Amino acid sequence: MELYYYPAHQLHQMLVKKEIKAEEICLSVLNRVSQVEDKIKAFITLTHEQALAQAKKVDEKIARKEKISPLAGIPIAIKDNICTEGLRTTCASHILENFIPPYNATVINLLNQADAVIIGKTNLDEFAMGSSTENSAFFTTANPWDLARVPGGSSGGSAAAVAAGETILALGSDTGGSIRQPAAFCGVLGLKPTYGLVSRFGLVAFASSLDQIGPFARNAEDLAWLLNVISGHDPLDSTSRVEAPPDYTGFLVDHVRGLRIGVPREYMLEGIDVQVKQVINQALAKLTALGATAEEVSLPHSKYALPTYYLIAPAEASSNLARYDGVRYGFRAGNAVDMIDMFKKTRSQGFGEEVKRRIMLGTYALSAGYYDAYYLKALKVRTLIKQDFEKAFSSFDVLVSPVTPTPAFKKGEKTGDPLQMYMSDICTLAINLAGIPGIAIPAGFINGLPVGMQLLGKPFSEGILLQVAHIFEQNTDFHLKKPDLK
Amino acid sequence: MVPEYETVIGLEVHVELKTNSKIFCNSTTAFGGEPNTHVCPVCLGLPGVLPVVNRKALEYTIRTALALNCEIAGFSKFDRKNYYYPDMPKNYQISQYDLPFAQKGHLNIELNGNIRRIGITRVHLEEDTGKLVHPATITTSPYSLVDYNRAGVPLMEIVSEPDLRSPEEARAYLEKLKAIISYLDVSDCKMEEGSLRCDANVSVRLQGKEEYGTKTEIKNMNSFKSLQRALAYEVERQIEVLGNGGRVIQETRAWDEGKGITLSMRSKEEAHDYRYFPEPDLVPLVIDRQWVEEIRASLPELPDARKTRYQRDYGLSAYDAARLAAELELAEFFEACVKCYPQPKMVSNWINGELSRLLNLHNININACPLTPPQLGALLELIEKGTISGKIAKTVFEEMFNKGKDPAQIIQEKGLIQISDEDALIKIVNEVITQNQKVVDDYRAGKDRALAFLVGQVMKVTRGKANPELVNRLLKEKMQ
Amino acid sequence: MDTMTTKETKKQVITTSQVEHVALLARLELNEAEKDIYVNQLNNILAYMQMLNELNTENVTPTAHVLPLYNVFRQDEVGRHMPVEKVLANAPEKEEQFFKVPRIV
């Protein structure tokens with residue numbers, strides 16, 4: 001196996017034992033990128049030179065016999081809505097096409113302190129609004145398992161890059177499923193942390209009360225390692241939890257005895273592909289065989305998650321995206337007669353269709369006379385959805401569901417009808433509304449396409465989710481399968 | 001009969017708090033500074049940044065609200081006020097909507113001896129905007145320039161009830177508010193630098209009517225004087241509109257200081273729809289009662305209390321006490337002078353008289369003039385001892401005011417010591433009597449005014465240095 | 001989960017003039033064709049949102065924040081400022097040390 005498909009924790013051991021150099025890992029990954037990127041198109045910006053320089057720095061540290069941190073020298077790809085100082089951050093939007101942040105997101109500072117090697121910025125749906133990367137203003141990323149299909153979204157570039165061996169690890173962001181859905185479509189692991197576990201400072205906001213940065217990896221241990229680095233209190237983020245997170249690698253034990261699994265009935269209804277349900281049931285059988293118990297549970301307000309989400313998220317987005325006006329940074333339209341004309345032209349030409357649609361929807365939901373009927377109503381239903389989970393978690397340790405109703409769909413298949421596109425997130429939206437953690441792990445295949453299983457836990461129970469993911473992959477080999485990209 | 005109208009005014013006052021750093025980031029709040037040098041990614045509204053509340057800004061707001069007799073909220077939050085303007089980095093302002101930090105307060109104003117209680121609707125906290133610079137006027141400039149130094153400075157908004165019944169009351173309210181805030185030491189309160197800003201809602205209604213008339217909002221008043229002038233103009237304008245059978249249009253009007261009129265600020269923009277919603281980047285605030293009580297306990301003596309104390313302890317008139325107490329620096333100067341020269345009435349007369357006259361003339365604050373309390377005390381002592389006359393003292397005082405010199409030194413340099421030597425004065429008195437025989441006859445015939453003229457003549461010869469009491473006595477003696 | 005029946009809902013929730021008003025509030029410029037598309041799509045989406053009215057939420061507290069976090073403050077300390085070149089580096093138009101914008105009115 002080539003280095004680019006090695007797990008991060010294994011590469012670390014090899015570095016420590018001086019069996020390989022960080023530069024070799026980096027070159028292996030960059031080589032892989034040059035071989036497959038034409039097909040995958042996972043990256044908006046690549047950072048060859050800086051990445052190699054960073055890798056060499058790690059090699060020097062090792063040569064000086066300095067202790068290196070677990071992620072030192074490990075290549076990582078960053079979703080292009082996370083600010084990187086001096087490195088273009090576009091959000092896959094024309095409006096930020098040439099934006100170079102003068103500051104780093106907190107997670108980037110943490111990765112730099114850990115000596116991780118950032119190899120590039122990955123494609124996404126514009127401002128993370130979408131489920132396929134088809135809303136990227138630049139290009140659509142391909143699913144490594146079937147190039148005619150989407151990688152999912154919005155963190156499609158990160159998921160595809162991890163799946164295709166174009167990176168070892170990646171960061172994404174998840175507002176309604178944007179990490180878990182592409183992870184499932186691309187057959188990798190993706191974690192949406194509890195709201196408040198990972199700093200949002202430097203994550204270009206889509207919907208502030210829902211957004212979380214999270215890790216992608218090809219196994220649970222790597223996911224835990226990366227989460228160890230990026231989680232923790234950040235005084236720059238008022239919504240960041242103060243309590244220090246545990247060492248997540250400590251949860252990677254070998255049993256699930258006594259684990260109580262709840263299976264939400266509403267996530268296994270007719271909207272879900274029959275084969276997907278089969279995959280989930282087989283996975284559940286595996287977990288119960290390993291000592292867990294599984295029982296059906298009801299989350300009665302599940303069907304309201306989609307309308308609730310599509311009021312709250314666009315409302316917050318309409319305000320968050322108001323700053324893109326052509327004054328301080330980003331694109332500015334020419335030929336404006338005055339200020340308001342410049343604002344309108346800049347925003348109309350700078351934003352893509354889906355972004356404008358959500359801004360319109362959100363503006364309407366907040367506007368005078370409709371606030372109570374739409375936005376406030378949605379905030380109240382959000383309470384009910386959250387309470388459903390609280391109730392379920394009083395009897396269960398984790399909940400298990402599909403991540404998506406179907407495996408990856410074809411490019412262009414859902415672009416005509418926004419509602420149909422929104423429907424592909426029905427299993428993931430409620431989790432952001434409730435603020436709880438969710439992980440997507442490879443659980444099987446349908447016609448050569450990966451299928452993901454979603455594990456949900458109570459707030460700040462990432463450790464248990466990683467434990468279940470770890471045990472599941474110790475007893476299955478879905479996560480080891482690689483797409484054929486010849 | 002001409003209908004009688006009643007004026008109804010409410011004020012919205014914005015006060016920049018004098019914290020060291022901005023409300024949501026650690027950029028400095030220092031006034032001035034080269035354009036766009038007091039900014040960071042947060043106050044510049046860059047993609048991805050997040051706000052964190054400056055605790056001091058909240059403390060100052062609570063401090064003010066307590067001084068204004070407000071109820072402090074137990075639970076509060078920030079909201080986003082959404083509208084587009086290029087001086088706003090995010091095109092929304094973090095402000096407070098339905099749960100302000102404080103509500104339901106009041107302050108007392110005193111006008112012509114009548115005390116009136118003016119209600120305070122609410123006190124809340126928000127972020128200031130940047131500043132637009134127009135090469136010409138806003139309407140004639142081909143482009144504008146933006147400086148974000150001020151963006152994110154903590155701004156406290158104090159909204160009054162529509163309890164003010166005249167432009168004079170409005171001015172008295174604003175002066176009182178400024179005095180209180182200065183005492184609290186939470187703002188520089190400089191209208192000329194924009195750290196104290198005031199908008200007014202004005203309407204008129206027929207005397208005795210319950211319901212309010214249509215109001216206009218007046219902006220751009222940059223001094224107490226312009227507030228009073230603008231309101232007086234606007235009230236008259238509205239009465240005239242109504243008198244002519246017209247209707248007042250609800251609109252925003254700008255005060256034009258040069259022309260002395262208010263002008264409609266018609267804009268192409270639609271009616272405002274601020275789309276307030278809870279700020280998701282900031283968590284709610286549960287205001288600790290113990291903290292509030294600590295702040296309450298730390299409140300300084302406020303203008304009303306100080307005024308009462310001056311009346312009680314120093315025997316000052318209500319008018320004099322109020323004038324001194326209205327400005328913290330002046331009041332402190334007064335008290336320091338009294339320490340040097342323990343005759344408060346005399347000190348008060350000089351501060352409210354000559355000192356105030358000169359401060360107004362030069363349009364400066366007491367802290368900007370070099371005069372020190374020991375110097376004023378020394379001057380008053382010299383008068384008391386008869387070293388100089390009251391009249392000469394005014395000349396000496398002006399010199400002290402301008403140069404900060406000790407009175408003794410000025411008197412020395414200019415040879416202003418009072419002539420109290422009888423022998424020296426008798427010679428002059430005799431000369432004056434000889435040269436003004438007709439006036440002396442008038443005096444002897446019972447014309448008292450004649451004496452004043454003769455005293456004046458002696459003063460003229462001595463260039464004002466003669467001890468006036470002594471001259472009086474000597475003249476009288478000589479003319480008997 | 002409910003499957004959506006977007007074709008059944010013919011009821012107009014949002015009109016063309018409302019779409020125009022919302023576009024102005026959001027500072028977006030729409031041509032006639034776009035207005036039609038938005039009227040159509042927003043109506044479909046909003047019709048779907050009506051589902052929320054099935055729920056009685058009279059006594060439900062709204063959730064604006066999922067975390068039970070309160071009173072997060074920073075101390076009043078001044079930090080480093082950005083050099084002005086960095087502040088203006090991304091400006092579409094600038095003049096001296098200012099951001100330059102078209103005439104206001």
Side-chain angles (χ1 to χ4, degrees), chain A residues 99-100 102 195-196 209 235 238-239 241 266 269-271 301-304 307-308 310-311 318 322 325-332 336-345 347-348 356-357 359-361 363-364 367 374 376-384 386 417-419 423 426 434-435, chain C residues 1-4 6 13-14 18-19 21-31 34 37-38 41-42 44-46 48-55 57-69 72-74 82-83 85-93 99-105:
Chain A
F99 175 64
I100 298 174
Y195 186 84
S209 78
S238 304
T239 62
R241 188 174 76 142
E266 293 79 4
L269 294 178
E270 69 271 23
H301 297 95
S302 293
K303 70 169 180 173
Y304 302 106
T308 301
Y310 278 98
L311 287 169
S318 71
D325 60 4
V327 174
R328 293 156 299 280
Y329 43 79
F331 168 76
R332 174 189 288 194
V337 296
D338 60 18
M339 198 65 233
I340 192 167
D341 190 44
M342 192 278 271
F343 281 170
K344 283 156 96 177
K345 286 199 163 79
R347 294 167 58 77
S348 298
K356 285 193 261 189
R357 181 160 38 247
I359 290 174
M360 290 287 290
L361 182 57
T363 304
Y364 177 75
S367 66
Y374 289 108
L376 187 61
K377 182 83 184 181
L379 292 185
K380 288 178 166 189
V381 179
R382 185 177 187 179
T383 305
L384 299 175
K386 192 167 165 260
D417 185 347
L419 261 180
M423 290 293 279
I426 49 169
Chain C
M1 295 240 173
D2 260 18
T3 38
M4 243 166 296
T6 57
V13 185
I14 183 167
Q18 277 174 310
V19 162
H21 174 69
V22 171
L24 178 61
L25 283 177
R27 295 294 184 269
L28 292 171
E29 199 171 58
L30 306 179
N31 61 34
E34 284 172 322
I37 293 169
Y38 279 118
Q41 288 180 342
L42 293 181
N44 277 342
I45 295 166
L46 289 168
Y48 184 68
M49 305 298 183
Q50 305 299 321
M51 189 208 292
L52 297 182
N53 295 331
E54 294 167 9
L55 293 171
T57 52
E58 211 175 310
N59 297 314
V60 181
T61 321
T63 296
H65 292 87
V66 284
L67 281 187
L69 267 177
V72 175
F73 297 115
R74 41 174 284 272
M82 279 159 73
E85 315 78 63
K86 245 181 162 180
V87 171
L88 295 164
N90 283 294
E93 256 195 274
F99 293 90
K100 189 174 177 182
V101 296
R103 57 186 307 143
I104 303 295
V105 285

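By convention in this document, chain letters (A, B, ...) are assigned in the order of the sequence lines, proteins followed by strands, and residues within each chain are numbered from 1. The structure displayed is predicted, hence computed values, not measured ones. Side chains are part of it too, since the values below use all heavy atoms of this structure and drop only hydrogens, waters and symmetry mates.
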request  = Select one option (side chain, backbone, both, neither) describing which atoms of A/M342 are under 4.5 Å from chain C's heavy atoms.
outcome  = side chain

key: Engaged part of A/K356 at the chain C interface, taking heavy atoms whose separation is under 4.5 Å   = both

task = Would you indicate whether the side-chain heavy atoms of C/R27 and A/I340 approach each other to under 4.5 Å?
result = yes

message = Is C/A89 close to chain A through its backbone or its side chain, or both, or neither, when contacts mean heavy atoms under 4.5 Å?
response = neither

query = Are side-chain heavy atoms of A/S367 and C/L25 found at a separation under 4.5 Å?
reply = yes

query = Can you name the nearest heavy-atom pair linking C/Y48 to A/K303, along with the distance?
reply = OH-O, 4.4 Å

ask   = With respect to chain C, which residue among A/H301, A/R241, A/R328 yields the maximal number of heavy-atom pairs within a distance under 4.5 Å?
value = A/R328

C/E58 portion near chain A, given a 4.5 angstrom heavy-atom threshold = backbone

message = Counting heavy-atom pairs under 4.5 Å with chain C, which one of A/K380, A/K377, A/R347 comes out on top?
response = A/K380

message = Among C/L46, C/L88, C/V87, C/L30, which residue has the highest count of heavy-atom pairs closer than 4.5 Å to chain A?
response = C/L46

request  = Give the minimum heavy-atom separation between A/A378 and A/L311, together with the two atoms involved.
outcome  = CB-CB, 3.8 Å

task = Can you tell which part of A/D325 gets under 4.5 Å to a heavy atom of chain C, answering side chain, backbone, both or neither?
result = neither

inquiry  = Heavy-atom pairs under 4.5 Å with chain C: which of A/G435, A/S238, A/A434 has the most?
reply    = A/S238

note = Sequence neighbours excluded, the answer for side chain to side chain donor-acceptor pair (under 3.5 Å) partners of A/R332 is C/E93

task = Could you look at C/L55 and say if it's the side chain, the backbone, both or neither that has a heavy atom under 4.5 Å from chain A?
result = both

Chain A interface, residue from C/V72, C/L69, C/N53, C/V22 that has the most non-hydrogen pairs under 4.5 Å = C/V22

Heavy-atom proximity to chain A below 4.5 Å, by part of C/R74 = neither

query = Are side-chain heavy atoms of A/Y364 and C/V13 found at a separation under 4.5 Å?
reply = yes

message = The criterion is side chain to side chain donor-acceptor pair (under 3.5 Å); which residues satisfy it with A/S318, sequence neighbours excluded?
response = none

remark   = Applying a strict 4.5 Å limit to non-hydrogen atoms, the region of C/M49 in contact with chain A is both

inquiry  = Between A/P235 and chain C, with a heavy-atom cut-off of 4.5 Å, which part of the residue counts as in contact: side chain, backbone, both or neither?
reply    = neither

query = Okay, side chain of A/T383, backbone of C/T61: is any donor-acceptor separation there less than 3.5 Å?
reply = yes

remark   = Scanning both residues in full, the closest heavy-atom pair of A/V327 with C/F99 reads O-CD2, 3.5 Å

